[in-house]
S.K.: 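What follows is a structure written as structure tokens; I'll ask about it next.
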Amino acid sequence: EVQLVESGGGLVQAGGSLRLSCAASGFTLDDYAIGWFRQAPGKERERVSCISKSEVVPYYPDSVKGRFTISSDNAKNTVYLQMNSLTSEDTAVYYCAADQHRCNTWYYNGQLRYLELWGRGTQVTVSS
């Protein structure tokens with residue numbers, strides 16, 4: 001079965017760290033661009049990182065730059081999101097997504113286009 005499964009979420013105190021995992025099955029992650037998104041209640045979905053082998057520098061928005069790091073382990077067919085210095089503003093459900101197109105094509109006129117595959121998400125809660 002082709003799927004993405006996120007794990008690693010949980011409850012953490014402000015200033016703490018978590019590492020999220022996005023494990024792929026049924027396909028090879030390295031052939032795809034992989035992005036991490038988050039969505040908090042009442043807020044729009046936000047892409048917090050994206051990586052692909054055809055793009056040298058991963059993407060991070062200003063809201064997480066310097067605190068979040070995306071990485072991949074091809075042997076485990078898994079992409080990770082290391083999150084440090086967490087604040088209550090980071091509380092959200094985190095999702096990973098995969099698409100064969102490069103990260104820099106995922107948005108057009110500010111709108112996220114259709115992506116091929118999504119995981120079901122993992123909750124991250126940061127207590128202040």
S.K.: Considering all heavy atoms of both residues, which atom of Gly8 and which atom of Leu18 are nearest to each other, and what is their separation?
M.R.: O-CD2, 3.7 Å
S.K.: Hey, does the Lys NZ or Arg CZ of Arg113 hover above the aromatic six-ring of Tyr108, less than 6.0 Å from the centre and inside 45° of the axis?
M.R.: no
S.K.: So does Val79 get a backbone contact from the side chain of Ser72, meaning a donor-acceptor N/O pair under 3.5 Å?
M.R.: no
S.K.: Looking at Asp99, Thr105, Asn104, which hits side chain to side chain donor-acceptor pair (under 3.5 Å) with His101?
M.R.: Asp99
S.K.: For side chain to side chain contact (heavy atoms under 4.5 Å, CB included), just list the numbers for Arg38 and Asp90, CA-CA rounded to whole Å, side-chain angles, deciding distance to a tenth of an Å, and then say yes or no.
M.R.: CA-CA 8 Å; Arg38 67 185 181 187; Asp90 298 313; 2.8 Å; yes
S.K.: Quick check: is Ile51 connected to Leu81 through a chain of hydrophobic side chains (ILVMFWY, heavy atoms under 4.5 Å apart)?
M.R.: yes
S.K.: Report yes or no: do Trp106 and Ile34 belong to one cluster of Ile/Leu/Val/Met/Phe/Trp/Tyr joined by side chain heavy-atom distances under 4.5 Å?
M.R.: no
S.K.: Does Ser63 reach the main-chain N or O of Val48 with its side chain, forming a donor-acceptor pair under 3.5 Å?
M.R.: no
S.K.: Could you check whether any side-chain N or O of Ser49 sits under 3.5 Å from a backbone N or O of Tyr59, counting only pairs where one atom can act as donor and the other as acceptor?
M.R.: yes
S.K.: Between Arg47 and Tyr107, is NZ or CZ placed under 6.0 angstrom from the six-membered ring centre and within 45° of the ring axis?
M.R.: no
S.K.: Salt bridge (charged side-chain N to carboxylate O under 4.0 Å, His left out), that's the test. Do Glu89 and Lys43 meet it? Break it down for me.
M.R.: CA-CA 11 Å; Glu89 294 295 307; Lys43 294 188 177 180; 3.4 Å; yes
S.K.: Please answer whether the main-chain N or O of Phe27 pairs with a side-chain N or O of Asn77 as donor and acceptor at a distance below 3.5 Å.
M.R.: yes
S.K.: Fit a plane to each ring of Tyr95 and Trp118, take the angle between them on a 0 to 90° scale, and name the class: parallel (under 30°), tilted (30 to 60°) or perpendicular (over 60°).
M.R.: perpendicular
S.K.: Going from CZ on Arg19 to OG1 on Thr69, what distance comes out if it is rounded to the nearest 0.5 angstrom?
M.R.: 11.5 Å
S.K.: Step by step, work out the side chain to side chain contact (heavy atoms under 4.5 Å, CB included) result for Ser25 and Glu1.
M.R.: CA-CA 7 Å; Ser25 58; Glu1 181 181 2; 5.5 Å; no
S.K.: Does Ser52 use its side chain to pair, donor to acceptor, with the backbone of Ala33 at less than 3.5 Å?
M.R.: no
S.K.: Tell me, which pairs form a disulfide (SG to SG under 2.5 Å) where one or both residues lie in residues 24-70, sequence neighbours left out?
M.R.: Cys50-Cys103
S.K.: Give me the atom names and distance for the closest heavy-atom approach of Val12 to Gly16.
M.R.: CG2-CA, 3.9 Å
S.K.: List for me each residue that meets side chain to side chain donor-acceptor pair (under 3.5 Å) alongside Gln39, sequence neighbours excluded, and say none if there are none.
M.R.: none
S.K.: Taking it one step at a time, do Leu29 and Leu4 satisfy side chain to side chain contact (heavy atoms under 4.5 Å, CB included)?
M.R.: CA-CA 10 Å; Leu29 264 183; Leu4 293 170; 4.1 Å; yes
S.K.: Linking I/L/V/M/F/W/Y whenever their side-chain heavy atoms sit closer than 4.5 Å, directly or via other members, would Leu86 and Tyr60 fall into one cluster?
M.R.: yes
S.K.: Can you check whether Thr91 reaches Gln123 side chain to side chain, under 4.5 Å on heavy atoms?
M.R.: yes
S.K.: Hydrophobic clusters here meaning ILVMFWY residues chained together by side-chain heavy-atom distances under 4.5 Å, can you tell me if Val93 and Tyr80 are in one?
M.R.: no
S.K.: Please walk me through it: do Lys53 and Asp30 pass side chain to side chain contact (heavy atoms under 4.5 Å, CB included)?
M.R.: CA-CA 7 Å; Lys53 65 181 180 182; Asp30 195 43; 3.8 Å; yes
S.K.: What are the two closest heavy atoms between Ile70 and Pro58, and how far apart are they?
M.R.: CG2-CB, 3.6 Å
S.K.: Please give me the minimum heavy-atom distance between Thr78 and Ser21, naming the atom from each residue.
M.R.: CG2-CB, 4.1 Å
S.K.: If we ignore hydrogens and angles and just use 3.5 Å, is the side chain of Arg45 paired with the main-chain N or O of Phe37 as donor and acceptor?
M.R.: no
S.K.: If you measure from CD on Glu46 to CG on Leu112, what distance do you get to the nearest 0.5 Å?
M.R.: 12.5 Å
S.K.: OH of Tyr32 to CG of Leu115: how many Å apart, nearest 0.5 Å?
M.R.: 12.0 Å
S.K.: Would you please classify the geometry between the Phe68 ring and the Tyr94 ring as parallel, tilted or perpendicular, with 30° and 60° separating the classes?
M.R.: tilted
S.K.: For the side chain of Glu6 and the backbone of Cys96, is there at least one donor-acceptor N/O pair under 3.5 Å apart?
M.R.: yes
